[in-house]
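A quick write-up on the structure given underneath.
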Amino acid sequence: MAFSADELRVLRRALAVALGPTRHTTGAPDAPAGYDADGAQEVQEYLRLAEAVDEAVREGGRLRAFLLADLVRYREALPGSASGYLAHLQEALAVGYDPAPADLAALRSLVAGARGPAESERRTALLRRCESLAEQFVRARLRALPGGRGAKDPEPAPRPAPVRPQPKAPRPGRPVPTPGEVFPPRRKPAPPPAARTA
């Protein structure tokens, strides 16, 4: 983003005001005569500077959109447009572009089809750079998700104490049965009657 000399002068003055306000710039009651005219002129200059910055940001957005659209066109024309695609990809990375999965796939196919060790090394280095940027982008997205590593972990809820079963109290008025009552002894079977002989 470039500013003209006048814009830089206004920007410096605005920074000076922000970092060290004085009675003259804040409009205190004992400001010297002529403050209103000077103050109005400064406000107009600040507004013009803000408009210039906004326009520069809009222009940067338009250039970025054009560059990314160009990158997609070159990627779709691969492998014939390999040199143009690689150049546009490097330009896009320089302005903060996060490589898409389609870019990584295209680069891998270009690395596999590279001719000559120098070109293969150049494409491999670009692929490694894009893989690293894509990994950083994914990590940042995961940290931003609720419950991600970047989010403050909620304190675990306290566990309730285990409930121990209480022994049942015997019913009043009924005695506790003895084992003999619960499990009566087994009686031996009676021997069969002896057969009578005539």
Discussion item. Under 4.0 Å between a side-chain nitrogen and a carboxylate oxygen: does that hold for Glu131 and Arg128?
Written reply: yes
Fill in: Reported CD-to-CG distance for the pair Glu119 and Leu86, which is rounded to 0.5 angstrom
6.5 Å
Worksheet item: Any salt bridge between Glu59 and Arg64, counting N to O under 4.0 Å?
Response: no
Discussion item. Assigning hydrophobic clusters by single linkage (Ile, Leu, Val, Met, Phe, Trp, Tyr; side-chain heavy-atom cutoff under 4.5 Å), is Leu133 placed with Leu67?
Written reply: no
Worksheet item: Donor-acceptor pair, Arg123 side chain versus Leu107 backbone, under 3.5 Å?
Response: no
Item to complete: State whether a side-chain donor-acceptor pair under 3.5 Å links Asp70 with Tyr85.
Response: no
Worksheet entry | Under the side chain to side chain contact (heavy atoms under 4.5 Å, CB included) test, residues paired with Glu135 that sit two or more places apart | Arg139
Worksheet item: So do Cys130 and Asp103 actually touch side chain to side chain, heavy atoms under 4.5 Å?
Response: no
Discussion item. I'd like to know if Phe66 and Leu71 are part of one continuous hydrophobic network [Ile/Leu/Val/Met/Phe/Trp/Tyr, side-chain heavy atoms within less than 4.5 Å].
Written reply: no
Worksheet item: Under 6.0 Å from the CZ atom of Arg62, do we count more than 12 heavy atoms belonging to anything else shown?
Response: yes
Worksheet entry | Donor-acceptor contact below 3.5 Å, side chain Ser132 vs main chain Arg129 | no
Worksheet item: Is the side chain of Ser120 donor-acceptor paired with the backbone N or O of Ala114 at a distance under 3.5 Å, no angle test?
Response: no
Worksheet item: Is Leu127 linked to Leu110 within one hydrophobic cluster, defined over Ile, Leu, Val, Met, Phe, Trp and Tyr using a side-chain heavy-atom separation of less than 4.5 Å?
Response: yes
Worksheet item: Nearest heavy-atom pair of Pro99 and Ala134: which atoms, and what distance?
Response: O-CB, 4.2 Å
Discussion item. Taking CD in Glu121 as the centre, count heavy atoms belonging to other residues, nucleotides or ligands within less than 6.0 Å. Is the count above 12?
Written reply: no
Worksheet entry | Distance in Å, His88 NE2 paired with Arg73 CZ, rounded so as to fall on 0.5 Å steps | 8.0 Å
Item to complete: Check whether any side-chain heavy atom of Leu93 lies under 4.5 Å from a side-chain heavy atom of Asp98, and answer yes or no.
Response: no
Practice prompt. For the residue pair Tyr97 and Leu89, establish whether any side-chain heavy-atom pair is separated by less than 4.5 Å.
Written response: yes
